Number of protein chains: 2
Amino acid sequence: MVQRLIPGLTRDQIVAQAFVLVEDEGLDSLSMRKLAGRMNVQAAAIYWHISGKAELLGLMARDIYAAAYAGTHGAQDWREWLRQFGRALHSSLASHRDGARLCAIARPPSPADAEKQAAHIAAPLKALGLEASVALAHQAAVISFTLGWTMFEANGPMRDFLCEMMDFDATFTIGLESLVNGLPAK
Amino acid sequence: MVQRLIPGLTRDQIVAQAFVLVEDEGLDSLSMRKLAGRMNVQAAAIYWHISGKAELLGLMARDIYAAAYAGTHGAQDWREWLRQFGRALHSSLASHRDGARLCAIARPPSPADAEKQAAHIAAPLKALGLEASVALAHQAAVISFTLGWTMFEANGPMRDFLCEMMDFDATFTIGLESLVNGLPAK
DNA sequence: ACCTGAACACCGTTCAAGT
DNA sequence: ACCTGAACACCGTTCAAGT
């Protein structure tokens, strides 16, 4: 027992394969059985590592948000940080097939985890001088707008028709800018 | 054949019962079989009236949006109209269990219907002096923010923790106001 | 510790056949 | 025209049993 025998499965591997599956076949085709099949394992095996499909979706959503935080840095004030974060989240959501729908469906893994997540959410804005409750509220507004917009954008039939009439990216930026500029420092 | 024998089922009845089912058991428990069971009919019977579950969700979402339009009237300018619409949509979404998630999942029934819906969407704003493409863009921004926010708000575990720190309704209004005030007349 | 086999209780959808 | 019966091809999850 030098260290630990590598198990056939890992939480990270499962989540990674789930992303590949969704990329290939779409979110509606993500099933525990298909996912297991891709890893040459029985569906039940996944339940040793993950409590269920809800947790799987939660972990995937967390990765998408994490990418947005990772893509935000070097802002001088909280408004600039919110603008950067909004753009980063938008591109993170758009870069995964059905990313927005996934984050819409997913719920925070545990009630306890929600509290920790909220602290993590507000931290960058607090560092830039915002009070905790204001930071949470503003961050929630930007996440809401961005998530809602990306869902709108991904809405197939609507999209094909609308993109003849407007530039989605430019319109998103205008909305984000309006929202952020109007938010009070309190 | 005086007029037409009333059939046991109607599209409207099916949609209405679907709302009742969701209210009782939540969106995750909405199945064609349970729905049929509530109407004392086989699941297959529903398919005579509705093409499938996707169309059912589309019809439900349409009702939710319709209520928002119905609750918007008497605005003097397009900004006031957008504020009213945002608030009306928010309360329409919040008044149906899982309403936001439902609208997030639902897609416009048909590609042809999307075009008609887009025209309907932009009409009130055009009447208040906005150019068609600008009207669509602004309306999309308000819908996105409102839908995203209501989803955030409905996110159980997160909610319980956050509502100790902020007033959801007040914060939503601040965000909506910021967004609308910042939008350009173009 | 980690996975298989097999089962339980469901799904959405289709389609012949009934009335 | 409208619905039933029965089937097809799936689901998520659990749990004894294997290794």
Side-chain angles (χ1 to χ4, degrees), chain A residues 1-22 24-61 98 101-102 104-107 109-110 156, chain B residues 1-22 24-61 98 101-102 104-107 109-110 156:
Chain A
M1 49 158 97
V2 185
Q3 173 119 0
R4 177 145 99 68
L5 272 309
I6 49 142
L9 255 49
T10 306
R11 279 171 78 96
D12 291 344
Q13 277 174 41
I14 293 170
V15 174
Q17 268 297 328
F19 272 113
V20 175
L21 207 172
V22 170
D24 287 353
E25 310 187 31
L27 185 58
D28 294 329
S29 297
L30 172 59
S31 75
M32 301 303 258
R33 294 170 125 100
K34 268 188 192 158
L35 182 54
R38 291 213 174 202
M39 313 185 90
N40 296 114
V41 111
Q42 293 303 112
I46 295 177
Y47 288 82
W48 182 262
H49 304 273
I50 284 182
S51 73
K53 192 173 182 178
E55 181 171 29
L56 175 61
L57 293 173
L59 291 170
M60 295 175 77
D98 292 327
R101 229 167 85 225
L102 198 161
I105 293 171
R107 302 172 182 288
S110 72
Chain B
M1 51 160 99
V2 185
Q3 173 121 358
R4 177 147 98 69
L5 273 308
I6 48 143
L9 257 48
T10 306
R11 279 171 77 96
D12 291 343
Q13 277 175 40
I14 294 171
V15 174
Q17 268 298 327
F19 272 114
V20 175
L21 207 171
V22 170
D24 286 354
E25 311 187 30
L27 185 58
D28 294 330
S29 297
L30 171 59
S31 75
M32 301 303 257
R33 294 170 125 101
K34 269 188 192 157
L35 183 53
R38 292 213 173 202
M39 314 185 89
N40 297 113
V41 112
Q42 293 302 112
I46 294 176
Y47 289 81
W48 181 261
H49 303 273
I50 284 182
S51 72
K53 193 173 183 180
E55 182 172 28
L56 175 61
L57 292 172
L59 291 170
M60 295 175 78
D98 293 328
R101 229 168 86 224
L102 198 162
I105 292 171
R107 303 173 181 289
S110 71

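These values consider heavy atoms only, across backbone and side chains, with no hydrogens, waters or symmetry-generated copies. Not measured: the values here are computed from a predicted model.
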### Message
Assess the residue pair B:Asp28 and B:Arg101 against the criterion (side chain to side chain contact (heavy atoms under 4.5 Å, CB included)); give the C-alpha distance rounded to whole Å, side-chain angles, the decisive distance to 0.1 Å, and a yes or no.
### Response
CA-CA 10 Å; B:Asp28 294 330; B:Arg101 229 168 86 224; 2.5 Å; yes

### Query
Where do B:Thr10 and B:His49 land on the side chain to side chain contact (heavy atoms under 4.5 Å, CB included) test, with the steps shown first?
CA-CA 7 Å; B:Thr10 306; B:His49 303 273; 5.9 Å; no

### Task
Check step by step if side chain to side chain contact (heavy atoms under 4.5 Å, CB included) holds for B:Met32 and B:Leu56.
CA-CA 10 Å; B:Met32 301 303 257; B:Leu56 175 61; 4.3 Å; yes

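If you take CD of B:Gln42 and P of C:dA17, they are 18 Å apart, rounded to a whole angstrom. Rounded to whole Å, atom C1' of D:dC2 lies 16 Å from atom CG of B:Asn40. The interatomic distance linking A:Met32 (CE) with D:dC11 (C1') rounds to 11 Å, in whole Å. Atom-to-atom, CD of B:Glu55 to C1' of C:dT13 comes out at 14 Å; the value is rounded to the nearest Å. One interatomic measurement links the two molecules: CG of B:Leu35 to P of C:dC11, which rounds to 11 Å at whole-angstrom precision. One can place OH of B:Tyr47 at 13 Å from C1' of C:dC15, the figure rounded to the nearest angstrom. Atom pair B:Lys34:NZ and C:dC10:P shows a separation of 8 Å (rounding to whole Å applied). As rounded to whole Å, 11 Å separates atom P of D:dC2 from atom CD1 of B:Ile14.
Residue B:Leu35 forms a side-chain contact (heavy atoms from CB on, under 4.5 Å) with just one option from B:Val41, B:Val22, B:Val20, B:Ile14, and that option is B:Ile14.
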Between the protein and nucleotides 7-9 of chain D, list every N/O to N/O distance that falls short of 3.5 Å.
none

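The shortest non-hydrogen separation linking A:Leu57 to A:Ile105 is CD1-CG2, 4.0 Å.
Contact check on B:Glu55 versus B:Arg107 returns no salt bridge, with no Lys/Arg side-chain nitrogen under 4.0 Å from an Asp/Glu carboxylate oxygen. Taking 4.0 Å as the cut-off between side-chain N and carboxylate O, B:Asp24 and B:Lys34 do not count as a salt-bridged pair.
Counting non-hydrogen atoms under 4.0 angstrom, B:Leu30 reaches the backbone sugars and phosphates but no base.
A:Asp98 places no side-chain N or O within 3.5 Å of a backbone atom of A:Gly26 that could act as its donor or acceptor partner.
Between A:His49 and the phosphate of C:dA1, there is no side-chain N or O to OP1/OP2 separation shorter than 4.0 Å. OP1 or OP2 of C:dC2 has at least one side-chain nitrogen or oxygen of A:Trp48 nearer than 4.0 Å.
When the P atom is compared between C:dC10 and D:dA9, the two are found 22 Å apart, to the nearest whole Å.
Each of B:Ala44 and A:Ser51 lies near DNA chain D, and the nucleotide nearest B:Ala44 is the one positioned closer to the 5' end.
Atom-to-atom distance recorded for A:Gln17:CD and A:Leu30:CG is 11.0 Å, nearest 0.5 angstrom.
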#### Entry: Canonical and wobble pairing (Watson-Crick, G-U, under 3.5 Å) of DNA chain D, dot-bracket with |
||.|||||...|||||.||

